[in-house]
Structure formats: C-alpha cells, structure tokens
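This report concerns only the one structure given below.
Just so you know, these numbers come straight off a predicted model, no measurement behind them.
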2 protein chains.
Amino acid sequence: MVYRRTPKIQARMDSQRAAILDAAVELLATRGYAGCSVAAVAEGAGVATGSVYRHFGNKAELVVELFRQLVTREVEAVERAAQRPGSAGERVVAVVDTFAARALKAPRLAYALLAEPVDAPVEAERIVFRRAFRDVVAARIGEGVRDGTLPPQEAALTAAAVVGAVAEVMIGPLTSGGEDAVGELSTFTLRALGVPHAGNP
Amino acid sequence: MVYRRTPKIQARMDSQRAAILDAAVELLATRGYAGCSVAAVAEGAGVATGSVYRHFGNKAELVVELFRQLVTREVEAVERAAQRPGSAGERVVAVVDTFAARALKAPRLAYALLAEPVDAPVEAERIVFRRAFRDVVAARIGEGVRDGTLPPQEAALTAAAVVGAVAEVMIGPLTSGGEDAVGELSTFTLRALGVPHAGNP
DNA sequence: ACAAGTAGTGAACCACCATTCACACCTTGA
DNA sequence: TCAAGGTGTGAATGGTGGTTCACTACTTGT
C-alpha cells in the first residue's frame with residue numbers, strides 16, 4: 001500500500017527544497033561557482049548530502065535550476081529598465097545602467113553568472129542569459145534605427161558588442177569598475193549606438 | 001659522482017620539451033582546455049605521462065607556459081597592427097580587424113585563450129592577455145584624444161569596452177561572428193571611439 | 001667491461017567530488 | 001499498537017585526473 005504524502009510532509013519537503021536553492025544562491029554569491037559542491041550546498045541548507053538528491057536528480061539539475069532562477073531575475077530587471085519612457089538610445093542606456101548597478105551591488109554573483117568557469121550545463125544557461133540581455137538591447141536598437149534616432153546598423157551585432165563591453169568593464173578581470181565607470185559606460189554606449197552628439201562636444 | 005648532460009642528451013631533452021608544448025598547443029586548438037589533460041598532452045607528444053614531469057613541475061607550470069607562449073604571439077600581432085600608419089581611430093580598427101581575423105582563422109583557440117573555463121593559474125595568464133590587448137588599444141585612444149581626433153574619454157575604460165565587445169562578437173556564445181561581422185565591428189568600433197561621422201550618414 | 005648515475009615508463013597512488021545505499025528513524029494506515 | 005512505507009543520514013563507492021615511484025634501460029666515467 002502506497003502512503004500518500006500529507007500536507008505537513010509536503011510542506012517540509014518544499015521548505016527543504018527551497019532551503020537547498022537558497023543555500024546555493026548564497027554560496028554562489030560568496031564563493032562563486034567553485035564553492036558550490038553538493039556537500040557545501042547541503043551543509044548550507046542544513047541537510048545531509050544524500051537529501052539533496054531527493055529533490056534534484058543530480059548536481060546538474062540543481063545548478064541549472066539555480067542559474068535559471070537567478071537569470072530570470074536579472075532578465076526581468078533589465079526588461080523593466082528597457083520599458084521606461086525615452087528614446088531608443090536612452091532605453092539602452094537604462095539597460096546598461098541597470099546591469100552595471102546590479103553588478104556593483106553583487107559583484108561576485110555577477111561574475112558567476114557571466115564569466116566564471118562553470119560546468120557545461122551551466123554554460124548553456126549562461127548563454128540564455130547573455131542572449132536575453134542582447135535581445136533586449138537589440139530590440140531597442142531596432143526601434144531606434146526604424147524611427148531614425150539611430151543610424152542603420154546590425155542591431156544584433158551592436159547589441160552583442162554592448163553586452164560584451166558592459167560585461168568586460170563591470171565584471172571583467174581588467175577593471176574593478178566602480179561608480180564612476182557607470183557614467184563613462186553610458187557615454188560609451190550612446191556613442192557606440194551612434195546617437196548624435198553623444199560624447200562629442 | 002654526478003654525470004654531466006652531454007649535448008646529445010640535452011638536445012633530446014629540449015626536443016622533447018618542445019614536443020610536449022607543441023602537443024599542448026594542438027590539443028588546445030582542437031579540443032580546448034578541457035582536452036588538455038596531462039595524459040592527453042603526453043600522448044600527443046609521444047612520451048609517457050611521467051616524462052612530462054621531467055620538464056614541468058606540475059600541470060599548472062605546463063599550461064601557464066602554454067598560455068604565455070600563445071598570448072605573446074597574439075599580443076605581438078595586435079601590436080604590429082597598432083604600429084601601422086594612420087589616425088588613432090584607424091589604428092584601433094586595425095587592431096580589432098587583426099584580432100577578428102585571427103579569431104576567424106582559429107576560433108577554438110581564440111575561445112580557449114579568452115573565455116573557456118580554465119584553472120586559476122591559467123585565468124591569471126588570460127588576464128595578462130586581455131590587459132595587454134586593452135593597453136594597446138588604450139594607448140592609441142589616448143593619442144587620439146591628445147591630438148584631437150577623438151573626443152575626451154577614459155581611454156582605459158573605452159579600451160576595455162572595445163576588448164569586451166570584440167571578444168563577445170567574435171568568440172562569445174551568442175554569435176558565430178563571420179566575415180561580415182568584421183566590417184560591422186569596425187564601424188561599431190569607430191563609432192564607439194567617437195570618430196566623427198563614423199557610421200553616421 | 002663494469003659500476004653508478006640518469007632518463008623513460010606506466011601502473012599505482014592520492015585527492016576530490018558526485019552519487020549511492022544500508023540502516024535508523026519517522027510517518028501512515030488499519 | 002503494530003506493520004509497512006517513506007524520509008534522512010553520512011560513510012562507502014565510483015569516476016576522474018594529477019602526481020609519484022619502483023623498475024627497466026640507457027648513459028657516463030673510469
């Protein structure tokens with residue numbers, strides 16, 4: 001006879017699953033992906049390592065869900081920024097500023113999401129993130145080209161370049177992009193888009 | 001009594017060391033960093049795995065030298081491009097074009113050098129590469145700002161952004177930047193630098 | 001020619017981490 | 001209350017790759 005799972009047990013399982021994911025988020029933000037062994041996550045969640053496998057078939061499933069959760073949150077933030085009123089160029093800058101601000105607030109997490117060495121399944125999720133970010137920017141560029149506020153250009157390529165530029169400046173190993181970098185980055189972005197008189201006195 | 005090493009033995013040791021490094025280069029270019037286990041390198045070089053340790057104290061020493069060798073070659077190429085006659089903007093574009101052409105020629109190697117998940121000592125060498133590339137670009141931007149052909153800007157930041165943009169477009173996971181991307185990238189670069197009338201009809 | 005030092009070998013060893021699983025304890029149903 | 005199903009545990013297991021090392025064969029010096 002198969003036992004049903006009572007609401008109390010279900011609630012406990014759900015709570016445990018959430019605790020596991022929360023612990024993974026915390027570890028990713030403080031120790032990066034390299035700190036996210038199953039053992040470390042289990043400890044952070046206050047459960048046995050074997051218990052992690054009750055909720056996730058293997059580590060890949062856990063970290064893929066971890067990244068999806070975080071990526072979804074980041075993408076929503078930049079999408080909200082892209083919805084603000086203003087010209088196409090201004091909205092792209094809003095996206096850039098949003099990303100930069102978030103990277104400044106949680107630099108380790110930003111690095112983990114975009115550049116840190118990770119396993120293959122996670123790399124795939126990372127592509128999703130970069131692609132989503134690029135697409136948000138590309139859509140605005142496309143609008144700017146159509147309404148004539150931006151010069152003709154390959155929107156997807158420009159957007160990819162902007163994504164790369166922002167990532168390099170804010171999280172790349174070359175700089176510890178600080179608050180002052182954000183303003184410069186905005187100017188760079190406007191120029192790169194071809195906004196008339198951007199950064200050209 | 002300690003034996004001296006005869007010229008013949010020294011030559012053989014040198015030849016073996018070179019074969020090991022050559023094998024590592026080949027593996028990096030065909031299978032990426034993940035394919036560069038000590039066992040694989042040894043096999044490619046036609047020696048026993050234990051023999052690798054006669055030349056390199058550990059794997060880190062081997063791969064650091066591997067990356068240094070390759071990075072030096074790449075940096076020399078972009079430095080040559082930067083020495084060409086022309087305005088500051090034109091020289092930055094020459095650097096960008098050179099990098100792009102080399103990435104098109106050996107995409108897997110380019111990815112390994114700039115973005116593929118690697119071990120920490122290699123990550124440090126990668127920083128050297130990006131920094132060198134950025135510095136070459138920043139020096140030209142600085143000249144352009146001084147001679148008035150480029151608008152005032154944070155040369156280092158712009159250069160980092162350009163490095164990031166180029167890397168994302170040519171080797172990033174979002175695009176398989178092809179030949180047509182190179183021209184667009186040049187236009188993007190000129191605009192980003194603030195070259196008057198660049199991409200602005 | 002012989003003794004001793006050195007180079008080459010590849011299997012054994014070690015470290016690390018993901019996953020499994022036997023056992024203990026809790027929960028469910030009658 | 002008891003039997004049987006379900007959950008939690010953490011040590012054992014297995015896989016992977018870096019490194020070591022006992023042994024063999026070659027090299028050097030007399």
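Within the structure, side-chain hydrogen bond (donor to acceptor under 3.5 Å, both in side chains) pairs that include any residue of residues 25-43 of chain A comprise Tyr33(A)-Asp119(A) (at least two apart or interchain). The ring-ring contact (aromatic ring centres under 6.0 Å, His included) contacts involving residues 100-121 of chain B comprise nothing, where partners must be two or more places apart or lie in separate chains.
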Counting primed atoms, P, OP1 and OP2 as sugar-phosphate and everything else as base, the B/S/- map of nucleotides 7-14 of chain C against protein heavy atoms under 4.0 Å is BBBBB---
Check residues 47-58 of chain B and write down every donor-acceptor pair under 3.5 Å in which the side-chain atom is one partner and the other belongs to a residue at least two apart or another chain.
unit_1, atom_1, unit_2, atom_2, d
His55(B), NE2, Gln16(B), OE1, 2.7
Asn58(B), OD1, Ala60(B), N, 3.2
Asn58(B), OD1, Glu61(B), N, 3.0

Name the atoms and distances for all side-chain donor-acceptor pairs under 3.5 Å in residues 136-150 of chain B, with sequence neighbours left out.
unit_1, atom_1, unit_2, atom_2, d
Arg140(B), NE, Glu143(B), OE1, 3.4
Arg140(B), NH2, Glu143(B), OE2, 3.4
Glu143(B), OE1, Arg91(B), NH1, 3.2
Asp147(B), OD1, Thr149(B), N, 2.9
Asp147(B), OD1, Thr149(B), OG1, 2.6
Thr149(B), OG1, Gly144(B), O, 3.4

Anything under 3.5 Å between a donor and an acceptor, one on a side chain of residues 92-107 of chain B, the other on a protein residue two or more places apart or in another chain? List them.
unit_1, atom_1, unit_2, atom_2, d
Asp97(B), OD1, Ser186(B), OG, 2.7
Thr98(B), OG1, Ala94(B), O, 2.8
Arg102(B), NE, Glu74(B), OE1, 2.7
Arg102(B), NH2, Glu74(B), OE2, 3.1

Using the 3.5 Å cut-off, write out each protein N or O paired with an N or O of nucleotides 2-5 of chain C and the distance between them.
unit_1, atom_1, unit_2, atom_2, d
dA4(C), N3, Tyr3(B), OH, 2.4

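Classification of Arg17(A) and Glu65(A) as a salt-bridged pair holds, one side-chain N sitting under 4.0 Å from a carboxylate O.
Residues meeting the side chain to side chain contact (heavy atoms under 4.5 Å, CB included) test with Arg12(A), sequence neighbours left out: Ile9(A). The salt bridge (charged side-chain N to carboxylate O under 4.0 Å, His left out) search around Glu90(A) returns none, not counting sequence neighbours.
In this structure, the side chain of Thr189(A) engages the main chain of Leu185(A) through a donor-acceptor pair within 3.5 Å. Of the possible donor and acceptor atoms, one in the side chain of Thr72(A) sits under 3.5 Å from a partner among the backbone N and O of Arg68(A). With hydrogens and angles ignored, the 3.5 Å screen pairs a side-chain donor or acceptor of Arg126(A) with a backbone N or O of Ala112(A). Side-chain atoms of Glu184(B) do not come within 3.5 Å of backbone N or O of Leu157(A) as any donor-acceptor pair.
When all heavy atoms of Leu193(A) and Gly89(A) are compared, the pair lying nearest together is CD1-CA, 3.9 Å.
Proximity of residues 57-66 of chain A to DNA chain C (heavy atom under 4.0 angstrom from any strand atom) is restricted to Asn58(A), Lys59(A). Near DNA chain C, meaning a heavy atom under 4.0 Å away, the residues from residues 26-39 of chain A are Ser37(A), Val38(A).
Expressed to the nearest 0.5 Å, how far CG of Leu114(B) lies from CD of Glu168(A) amounts to 8.5 Å. Atoms CZ and OG1, on Arg191(B) and Thr158(A) in that order, are 5.0 Å from each other to the nearest 0.5 Å.
Extent of DNA chain D lying under 4.0 Å from chain B heavy atoms, first and last nucleotide in 5' to 3' order, is dG18(D) to dG29(D).
The distance from atom CZ of Phe56(A) to atom P of dT20(C) is 15 Å, rounded to the nearest whole Å.
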